[in-house]
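Worksheet for the structure shown next.
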Amino acid sequence: MKKLTKTLCAVAIAMFAMPQQADAQFFKKLKEAAANVVKETITGETTTESDGKAAGDAAPTANFVTSASGVQVGNPGSEHFDLEFVEAVGNAAANTVTIYVKATAKKLNYSNASVGGNDGRATDADGNEYKTSYYPEKKNMMVGVPVKFEFAKFVKVPATVSSFVMVTAGWYLDAEARCPGGSSWMNYAIKLKNVPIKWE
């Protein structure tokens with residue numbers, strides 16, 4: 001009788017233990033999945049379900065370099081090209097501001113490259129946002145030769161705005177070296193900080 005009771009108790013304990021372990025495994029997997037979703041939302045990094053390692057590359061970091069004019073340039077494509085701020089020219093009659101940059105290819109030549117373009121955004125010190133309204137110009141880039149690009153042209157900018165706190169725009173060299181679209185766009189966009197406007 002004692003042996004039968006011990007066997008029944010062991011079976012009962014095993015029956016109660018198995019679902020709890022399964023629940024624990026389920027909640028552990030759920031927690032890992034939630035962490036991956038949060039990580040993907042914040043950094044744009046994707047993960048695989050099997051091993052939890054990154055399936056795609058994380059967004060490159062844009063280390064800001066201060067130019068002689070005081071503009072800070074963040075170039076996530078710095079592996080492929082150097083970037084230099086040239087000027088931001090305001091047209092008071094048309095209420096437009098056009099920003100120019102110089103880009104220099106480092107390792108490869110590119111045809112039909114664009115630096116800047118129709119996805120540009122700028123913010124002034126009062127928090128007003130301005131957008132570009134044109135398609136980027138395409139130019140050929142040769143290694144070591146600087147090329148001047150119209151980085152962004154913002155419309156409806158009052159002549160009272162003396163500078164932009166932040167300017168962002170995309171870039172495209174080829175199918176491999178580019179700023180992707182979609183939700184991760186901002187992680188890969190070129191950023192200019194403290195851009196002074198020269199009004200004419």
Side-chain angles (χ1 to χ4, degrees), residues 36 39-48 50-89 96-123 130-154 163-198:
N36 290 338
K39 185 175 182 180
E40 184 175 345
T41 303
I42 292 172
T43 66
E45 186 176 321
T46 58
T47 58
T48 60
S50 60
D51 60 9
K53 292 183 182 172
D57 293 331
T61 56
N63 296 324
F64 285 90
V65 177
T66 304
S67 66
S69 62
V71 174
Q72 294 179 321
V73 179
N75 178 14
S78 60
E79 175 188 349
H80 308 288
F81 65 100
D82 289 324
L83 187 70
E84 179 185 340
F85 169 78
V86 177
E87 64 180 343
V89 179
T96 61
V97 174
T98 307
I99 297 175
Y100 298 95
V101 297
K102 278 195 293 189
T104 308
K106 287 184 169 181
K107 298 184 276 188
L108 299 172
N109 296 332
Y110 301 100
S111 59
N112 294 319
S114 63
V115 177
N118 66 335
D119 51 2
R121 297 174 190 172
T123 306
Y130 308 94
K131 295 183 179 179
T132 55
S133 61
Y134 73 104
Y135 287 98
E137 58 185 340
K138 306 279 188 185
K139 294 188 176 182
N140 295 330
M141 294 176 68
M142 292 174 38
V143 173
V145 179
V147 178
K148 188 175 181 180
F149 285 92
E150 186 176 290
F151 182 68
K153 185 173 186 176
F154 297 102
S163 66
F164 291 131
V165 175
M166 177 72 81
V167 177
T168 57
W171 53 280
Y172 180 92
L173 303 181
D174 62 21
E176 299 296 320
R178 64 186 177 88
C179 175
S183 60
S184 64
W185 172 84
M186 190 61 78
N187 296 330
Y188 292 85
I190 294 168
K191 298 172 181 67
L192 306 176
K193 288 183 180 179
N194 306 319
V195 178
I197 301 170
K198 181 174 67 179

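Any value given below was found using the heavy atoms of this structure, including those in side chains, with hydrogens, waters and symmetry copies removed.
Geometrically, Lys139 engages Phe149 in a cation-pi contact defined by less than 6.0 Å to the ring centre and at most 45° from the axis.
Interatomic distance, CG of Asp174 versus CG of Leu108, reported as 7.5 Å (0.5 Å rounding). Atom CG of Leu173 sits about 11.5 Å away from atom CG of Asn109, to the nearest 0.5 Å. Once rounded to the nearest 0.5 Å, the distance linking NZ of Lys153 with CD1 of Ile99 reads 12.5 Å. Residue Phe154 holds its CZ atom at 6.0 Å from OG1 of Thr132, rounded to the nearest 0.5 Å. Lys106 contributes atom NZ, which lies 8.5 Å from atom CD of Glu79 (distance to the nearest 0.5 angstrom). From Ser114, atom OG reaches atom CE of Met141 across 10.0 Å, with rounding to the nearest 0.5 Å.
Distance alone, capped at 3.5 Å, places no donor-acceptor pair between the Trp171 side chain and the Ala113 backbone. A donor-acceptor pair under 3.5 Å links the side-chain atoms of Glu137 to the main chain of Glu150, judged by distance alone.
Here Tyr110 and Phe81 keep their ring centres 6.0 angstrom or further from each other.
Looking at every heavy atom in both residues, Gly116 comes nearest to Pro136 through O-CB, 3.4 Å. The nearest pair of heavy atoms linking Gly117 to Ala169 is N-CB, 4.2 Å. Residues Ala103 and Leu83 come closest through the heavy atom pair CB-CD1, 4.1 Å. What you find for Ala88 and Pro196 is that their closest heavy atoms are CB-O, 3.3 Å. Here the closest heavy-atom approach between residue Ser111 and residue Asn140 is recorded as CA-OD1, 3.1 Å. The minimum heavy-atom distance linking Pro76 with Ile190 is given by the pair CD-CA, 4.0 Å.
Counting heavy atoms from C-beta outward, Glu84 and Val73 have side chains that stay 4.5 Å or more apart. Counting only heavy atoms from C-beta outward, the side chains of Thr66 and Phe64 never approach each other to under 4.5 Å.
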With side-chain contact (heavy atoms from CB on, under 4.5 Å) as the test, would you mind laying out the steps for Tyr130 and Val97 before giving the verdict? CA-CA 10 Å; Tyr130 308 94; Val97 174; over 6 Å; no
